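Since the structure comes first, as structure tokens, the remarks are kept for the end.
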Amino acid sequence: MSTIDTQLTVHDAVARVLRDVRVLGEEELPLLSAYGRVLACDIVSPVTLPPWDNSAMDGYAVHAADLTMLPVALPVLETVRAGGTATQPLPRGHAIRIMTGAPVPAGADTVVRVEDTDGGVDRVEVRRDRDAGKNVRPRGEDIHAGQLVLPAGTTIGAAQMGVLASVGAADVIVHRVPRVAILTSGDELVELDRFQDVRDGKRIVSSNSVTLQALVRAAGGEPHYLGIAADDPESLRTHLRRAVGFDLLITSAGVSVGEHDFLRSVLGELGAELKFWRVRMRPGAPMVFGMLGEMPWLGLPGNPVSTMVTFELFARPAIRKMRGHSRLFRRPVPVTMEEPVHAGADLTHFQRAILTTRDGQRTARLTGRQSSGILTSMSLANALVIVPAGRGNVAAGETLHALPFDGDAELAEQFAL
Ligand code: AMP
Ligand code: MG
């Protein structure tokens with residue numbers, strides 16, 4: 001065991017974690033399974049798109065020079081549908097009926113929309129010239145053969161999937177999803193299926209087992225739940241042996257200074273290198289980070305709110321880094337406090353808050369009491385308000401920064417444009 005940092009700032013602790021977390025290797029997936037993944041290779045198009053000059057309108061391909069005197073009647077030589085081609089170039093003084101996406105016949109420089117004509121089949125009367133020289137989408141206006149269309153590191157959303165399909169990428173090479181082992185610990189805990197013990201007043205449900213699996217999934221990881229270890233070294237050892245081979249280990253509880261907090265010593269025994277313990281934050285101070293061989297280990301404190309807040313700050317960026325994302329962090333946004341905030345001056349505080357956006361102005365109020373055992377206050381929050389160390393008490397009307405969660409903070413009940 002080398003030196004262990006203690007009392008790091010949140011900023012330094014996050015940097016410390018990310019320094020040891022590696023981007024995962026690659027796998028090949030069918031395109032439709034790759035949604036949300038990060039490209040591990042550059043994508044170069046083998047084709048030019050669109051492959052031909054094509055019509056932007058349903059209408060008539062003509063020469064703009066034939067529209068100088070209106071209305072004008074032109075014989076219609078044929079009809080080209082999308083998927084078809086004209087059998088001939090377009091001579092002066094003629095029209096070819098054409099549908100959107102169909103190749104524009106050689107010679108034509110204009111497609112007159114059907115609404116500006118009488119819609120004739122053998123002969124068409126053109127009534128307006130606003131489309132003169134328009135509505136021809138040139139070959140290659142989107143993509144040229146040999147063009148880098150999506151660089152490695154791109155997150156694959158719906159638009160990127162469309163581009164990949166367009167350039168023939170039926171299978172794509174992406175970064176793997178981290179397989180995240182989750183272990184909770186505590187003699188007071190039971191799984192949900194033993195709720196009778198809770199009714200009997202003997203135990204509490206291990207809510208962290210559930211929130212952590214959801215948080216891992218929401219961050220883009222694959223949760224693998226290892227169960228609840230008892231507060232004894234042997235049970236911890238047995239459970240932790242099952243964590244071999246995962247990309248990340250997240251444990252909850254057992255990292256404070258209680259006499260049953262064995263997790264650090266057991267992991268040390270199993271060869272883990274402890275990197276830091278304790279961060280200058282509230283909630284979440286007893287947080288641990290170590291490496292078990294190649295596998296990073298985040299030891300989150302057991303209080304349900306501490307677990308969630310430390311996950312947000314440390315585990316989520318780590319999972320995103322493993323997935324190959326370059327943007328790892330939520331972006332802090334300025335908020336005007338609707339109420340005063342009281343925080344100790346020596347630690348960075350993360351308080352559960354409800355953020356409201358009205359006319360571009362963000363305000364925040366707290367979800368109530370901020371004890372790290374009050375999980376319902378987390379369930380009401382859509383953001384964490386940050387009270388920096390040294391700030392202490394904050395008056396209503398003052399500005400702080402908040403980390404909005406994914407979800408409803410920026411959504412509206414009414415469609416408004
Ligand atoms: P510890 O970190 O073991 O000292 O636990 C701190 C507090 O968090 C205690 O009140 C525990 O009962 C509670 N706690 C620990 N683990 C869990 C869990 N998995 N689910 C819900 N509460 C927990
Ligand atoms: Mg405990």
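Counting starts at 1 for both ligands and their atoms, in listed order. Heavy atoms only: backbone and side chains are in, while hydrogens, waters and symmetry mates are out. Just so you know, residue 1 is the first one in the sequence shown, and it goes up from there. Being a predicted model, the structure only gives us computed values, none of them experimental.
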For ligand 1, the portion of [X] having any non-hydrogen atom under 4.0 Å away:
{"X": "Ile228", "result": "neither"}
{"X": "Leu189", "result": "side chain"}
{"X": "Ser256", "result": "side chain"}
{"X": "Ser252", "result": "side chain"}

**Prompt:** Does the side chain of Thr307 pick up a donor-acceptor pair with the side chain of Asn208 at under 3.5 Å?
**Reply:** yes
**Asked** Looking at ligand 1, does Gly186 have a heavy atom less than 4.0 Å from it?
**Response**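 Heavy atoms of Gly186 never come under 4.0 Å of ligand 1.
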[Y]/[X] salt bridge by N-O under 4.0 Å criterion:
{"X": "Asp20", "Y": "Arg16", "value": "yes"}
{"X": "Arg237", "Y": "Glu234", "value": "yes"}
{"X": "Arg330", "Y": "Asp406", "value": "yes"}

Do the non-hydrogen side-chain atoms of [X] and [Y] ever get within less than 4.5 Å of each other?
{"X": "Leu400", "Y": "Val387", "answer": "yes"}
{"X": "Gln351", "Y": "Val305", "answer": "no"}
{"X": "Val177", "Y": "Arg323", "answer": "yes"}
{"X": "Arg37", "Y": "Val172", "answer": "no"}

Among protein heavy atoms, which sits nearest to [atom], and what does the distance come to when rounded to 0.1 Å?
{"atom": "atom 15 (C) of ligand 1", "answer": "Gly302 O, 3.5 Å"}
{"atom": "atom 18 (C) of ligand 1", "answer": "Asn208 ND2, 3.2 Å"}
{"atom": "atom 11 (C) of ligand 1", "answer": "Glu188 OE2, 3.0 Å"}
{"atom": "atom 19 (N) of ligand 1", "answer": "Ser206 OG, 2.8 Å"}

Under 4.0 Å from a heavy atom of [X]: give me the atoms of ligand 1 that qualify, with their elements.
{"X": "Pro304", "answer": "21 (C), 22 (N)"}
{"X": "Ile204", "answer": "12 (O), 22 (N)"}
{"X": "Ser207", "answer": "20 (N), 21 (C)"}

**Item:** N/O donor-acceptor pair under 3.5 Å between Asp58 side chain and Met99 backbone
**Value:**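 No, Asp58 side chain to Met99 backbone: no donor-acceptor pair under 3.5 Å.
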**Message:** Below the 3.5 angstrom mark, is there an N/O of Asn303, backbone or side chain, next to an N/O of ligand 1?
**Reply:**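 So ligand 1 has an N or O lying under 3.5 Å from an N or O of Asn303.
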